[in-house]
A.B. asks: 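What follows is a structure written as structure tokens; I'll ask about it next.
Keep in mind it's a predicted model, so treat the numbers as computed, not measured. Start at 1 and go down the list; that is how both ligands and their atoms are numbered.
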Amino acid sequence: MAPTILVVGATGNTGRGVVDTLPELVRNSKTLGQHRILALTRSASSASAKEIEKLGVELAEQNWVEIDHNWLREHEVNRIFIASHNEPNQFAEESQFYNETLRAGVEYVVRVSTTAANVRPDYPAYYPRTHWAIEQMLGQPEFEALKWTSLQPNVFSTFILGPAAEFIKEHRKTGKQGTLGLMLSADSPVGIIQPTEIGVVAAHLLAQEDVTKHNKAKLVLNGPEDITGEQVVKMVESYVGEPVKDVKFKDVSGIEMWADSQTTQSKNIIRSITYAPVTAWEGKCKASTTSKDVLEIAAPQVTPAQVMKNLLGE
Ligand SMILES: NC(=O)c1ccc[n+]([C@@H]2O[C@H](COP(=O)([O-])OP(=O)(O)OC[C@H]3O[C@@H](n4cnc5c(N)ncnc54)[C@H](OP(=O)(O)O)[C@@H]3O)[C@@H](O)[C@H]2O)c1
């Protein structure tokens, strides 16, 4: 066994950027050279888990919500990346994890939070309040021994541009247009971010010799460029070669349908997610809000146009 950097959520949107970036940083580190990187998944046979094994990290089939302090000690974990799910039980499961982490004597955690403008106790959507509560908990004196950095990324570009990419694919297949539903408003600029770039910043933080510099920091991450809903429409039109006939901006109908179909979770809690984009519509989530430290560590570079190309497999 060797001292270990644990990657929780390695198969996901942001974790993939960590496992792509961290091995080389560790290999070149004066102080972390002996560390191994242990990536977790609930299913080692999944396609994304198999890809990760090729990247020079070890893989363990382990659901992170069941990890306790004994497991962390046995695996000699001293630094952790975590991209937690944000389901309604997030606070119980993520705060349990930090309790176990504290007991195990782990040195440093880098976690993924959510859009900075939303992380407040009175936000109408439920999960930014959960992220706020987790950050408050970690900031208490009882957690002093655990160093941490919370990354507050803007909405993921893959998520925002996904429906536009599907619209283009459908048009290529059938020559027909459906409704283009976009979560963005027509004219508010938003600094949407490619999620793997959040993982890149996390990897650099985890590979620091001295983790005190960004201890207790809440870092704001956006992509390099703003985009508005109108600009997404123009982008789509440049691919389909004709005007888009039917556009719905501020489209949260998918979340409403998801809420209505709930059988186990509260419909009210799930419907609250429709408020998540409100700060973006208010112009509070622009690329210019990115933290200076993020620009110095690993400035996000992937533009919305590049994300669209990737989504279309070009
Ligand atoms: N979507 C956005 O636009 C956005 C924007 C800002 C912030 N965020 C925040 O990003 C965080 C999530 O990060 P992410 O998108 O990188 O993660 P993710 O891709 O949703 O999940 C990471 C991995 O966690 C495992 N996982 C998923 N649900 C789980 C569960 N209920 N219990 C245990 N393991 C589970 C899965 O791995 P295996 O199946 O391999 O186990 C998954 O690949 C959330 O807290 C969210 O608030 C999202």
A.B. asks: Out of curiosity, is Ser84 lining ligand 1, as in a heavy atom under 4.0 Å away?
C.D. replies: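 Judged by the 4.0 Å heavy-atom criterion, Ser84 does count as contacting ligand 1.
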A.B. asks: Starting from atom 10 (O) of ligand 1, which protein heavy atom do you reach first, and at what distance in Å?
C.D. replies: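 Heavy-atom neighbour on the protein nearest atom 10 (O) of ligand 1: Val112 CG1, 3.6 Å.
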A.B. asks: Could you tell me if any non-hydrogen atom of Ala49 lies under 4.0 Å from any atom of ligand 1?
C.D. replies: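 No, Ala49 has no heavy atom closer than 4.0 Å to ligand 1.
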A.B. asks: Quick one: do Lys169 and Glu166 make a salt bridge, cutoff under 4.0 Å?
C.D. replies: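 Salt bridge flag = yes for Glu166 with Lys169.
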A.B. asks: When you group the ILVMFWY residues by side-chain heavy-atom contacts below 4.5 Å and let the links chain together, are Val112 and Val19 in the same group?
C.D. replies: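 They do share one cluster, since a chain of ILVMFWY contacts under 4.5 Å joins Val19 to Val112.
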A.B. asks: Are any of the N/O atoms in Glu87 less than 3.5 Å from those in ligand 1?
C.D. replies: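 Between Glu87 and ligand 1, an N or O pair is found under 3.5 Å apart.
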A.B. asks: Before you tell me yes or no, could you show the steps for Tyr98 and Phe143 under side-chain contact (heavy atoms from CB on, under 4.5 Å), namely the whole-Å CA-CA distance, both residues' side-chain angles and the distance that decides it to 0.1 Å?
C.D. replies: CA-CA 9 Å; Tyr98 298 132; Phe143 274 88; 3.9 Å; yes
A.B. asks: Would you mind checking if Arg271 and Asp260 are paired as a salt bridge, meaning a charged N to carboxylate O distance below 4.0 Å?
C.D. replies: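 Salt bridge present between Asp260 and Arg271.
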A.B. asks: Among all protein heavy atoms, pick the one closest to atom 37 (O) of ligand 1 and tell me residue, atom and distance.
C.D. replies: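 For this ligand atom, the closest protein heavy atom is Thr11 OG1, 2.9 Å.
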A.B. asks: Measure the distances from the heavy atoms of Gly199 to every atom of ligand 1 and state whether one is below 4.0 angstrom.
C.D. replies: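 Gly199: no contact with ligand 1 (<4.0 Å).
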A.B. asks: How does Glu93 reach ligand 1, if at all, at less than 4.0 Å between non-hydrogen atoms: by side chain, backbone, both, or neither?
C.D. replies: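 Within the 4.0 Å criterion, Glu93 makes no contact with ligand 1.
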A.B. asks: With heavy atoms of Thr114 as the reference, note each atom of ligand 1 found under 4.0 Å away.
C.D. replies: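 Going through ligand 1 atom by atom, the ones under 4.0 Å from Thr114 are 6 (C), 7 (C).
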A.B. asks: Which protein non-hydrogen atom lies closest to atom 5 (C) of ligand 1, naming both residue and atom, and how far is it?
C.D. replies: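 So the nearest neighbour among protein heavy atoms is Phe156 CE2, 3.4 Å.
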A.B. asks: Do Gln194 side-chain atoms and Pro300 backbone N/O form a donor-acceptor pair below 3.5 Å?
C.D. replies: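 It does not hold such a pair.
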A.B. asks: Considering the heavy atoms of Trp64, write down every atom of ligand 1 situated less than 4.0 Å from one of them.
C.D. replies: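 In order of number, 33 (C), 34 (N).
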A.B. asks: Using a strict cut-off of 4.0 Å, indicate which atoms of ligand 1 neighbour a heavy atom of Asn86.
C.D. replies: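 Checking each atom against Asn86, I get 44 (C), 45 (O), 46 (C), 47 (O).
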A.B. asks: Answer yes or no for Lys216 and Trp148: cation-pi contact, defined as NZ/CZ to six-membered ring centre under 6.0 Å and angle to ring axis within 45°.
C.D. replies: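 So Lys216 doesn't make the cation-pi contact.
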A.B. asks: Quick test: of every protein heavy atom, which one is nearest to atom 39 (O) of ligand 1, and how far off is it to 0.1 Å?
C.D. replies: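 Checked against all protein heavy atoms, atom 39 (O) of ligand 1 sits closest to Arg42 NH2, 3.0 Å.
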A.B. asks: Any heavy atom of Arg16 closer to ligand 1 than 4.0 angstrom?
C.D. replies: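 Outside the 4.0 Å threshold, so no.
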A.B. asks: Tell me whether Val8 is reachable from Val201 by hopping between hydrophobic residues (I, L, V, M, F, W, Y) whose side-chain heavy atoms are closer than 4.5 Å.
C.D. replies: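 Different hydrophobic clusters.
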A.B. asks: Near Gly9, which atoms of ligand 1 are under 4.0 Å from a heavy atom of that residue?
C.D. replies: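 Those of ligand 1 that fall under 4.0 Å from Gly9 are 22 (C), 23 (C), 24 (O).
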A.B. asks: Considering non-hydrogen atoms of the protein only, which is the closest contact for atom 16 (O) of ligand 1, and what is the distance?
C.D. replies: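 The closest heavy atom on the protein side is Thr14 OG1, 2.6 Å.
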A.B. asks: Between Trp64 and Phe97, is the ring centroid distance below 6.0 Å?
C.D. replies: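 Between Trp64 and Phe97, the centre distance is under 6.0 Å.
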A.B. asks: According to a 4.5 Å side-chain heavy-atom criterion applied to Ile, Leu, Val, Met, Phe, Trp and Tyr, with indirect links allowed, do Leu59 and Ile67 form part of one hydrophobic cluster?
C.D. replies: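 No, Leu59 and Ile67 fall in different hydrophobic clusters.
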A.B. asks: Do ligand 1 and Thr41 have nitrogen or oxygen atoms that lie under 3.5 Å from each other?
C.D. replies: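 Yes, Thr41 has an N/O under 3.5 Å of an N/O on ligand 1.
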A.B. asks: Provide the closest heavy-atom pair for Leu22 versus Ala203 in the form atom of the first, atom of the second, distance.
C.D. replies: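 Shortest heavy-atom contact: CD1-O, 3.5 Å.
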A.B. asks: Of all the non-hydrogen atoms in the protein, which one sits nearest to atom 18 (P) of ligand 1, and at what distance?
C.D. replies: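 Nearest protein contact, heavy atoms only, for atom 18 (P) of ligand 1 is Asn13 ND2, 4.0 Å.
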A.B. asks: Which of the numbered atoms in ligand 1 are below 4.0 angstrom from a heavy atom of Gly12?
C.D. replies: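 What qualifies from ligand 1 is 19 (O), 22 (C), 43 (O).
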A.B. asks: Counting only heavy atoms, which portion of Ser113 has something under 4.0 Å from ligand 1: side chain, backbone, both, or neither?
C.D. replies: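 Backbone only.
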A.B. asks: Please answer: with hydrophobic residues joined when any side-chain heavy atoms are less than 4.5 Å apart, are Leu219 and Leu25 in the same cluster?
C.D. replies: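 Unlinked, Leu219 and Leu25 end up in two clusters.
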A.B. asks: Say whether Glu94 and His85, considering side chains only, have a donor N or O and an acceptor N or O under 3.5 Å apart.
C.D. replies: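 No donor-acceptor contact under 3.5 Å links the two side chains.
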A.B. asks: State plainly whether the residues Glu135 and Arg111 are in salt-bridge range, i.e. N to O under 4.0 Å.
C.D. replies: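 The answer is yes: the pair qualifies as a salt bridge.
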A.B. asks: For ligand 1, which atoms sit closer than 4.0 Å to a heavy atom of Pro153?
C.D. replies: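 The atoms of ligand 1 under 4.0 Å from a heavy atom of Pro153 are 6 (C), 7 (C).
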A.B. asks: Any atom of ligand 1 sitting under 4.0 Å from a heavy atom of Asn154?
C.D. replies: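 Contact check Asn154 vs ligand 1: positive.
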A.B. asks: Can you list the ligand 1 atoms lying under 4.0 Å from a non-hydrogen atom of Val155?
C.D. replies: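 Here the atoms of ligand 1 in question are 3 (O), 5 (C).
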A.B. asks: Starting from atom 33 (C) of ligand 1, find the nearest protein heavy-atom neighbour and note its residue, name and distance.
C.D. replies: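 So the nearest neighbour among protein heavy atoms is Asn63 OD1, 3.3 Å.
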A.B. asks: Between Thr149 and Tyr108, is there a side-chain donor-acceptor contact under 3.5 Å, judged purely by atom types and distance?
C.D. replies: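 Present: a donor and an acceptor within the cut-off.
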A.B. asks: So which protein heavy atom does atom 13 (O) of ligand 1 come closest to, and at what separation?
C.D. replies: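 The answer is Ala83 CB, 3.5 Å.
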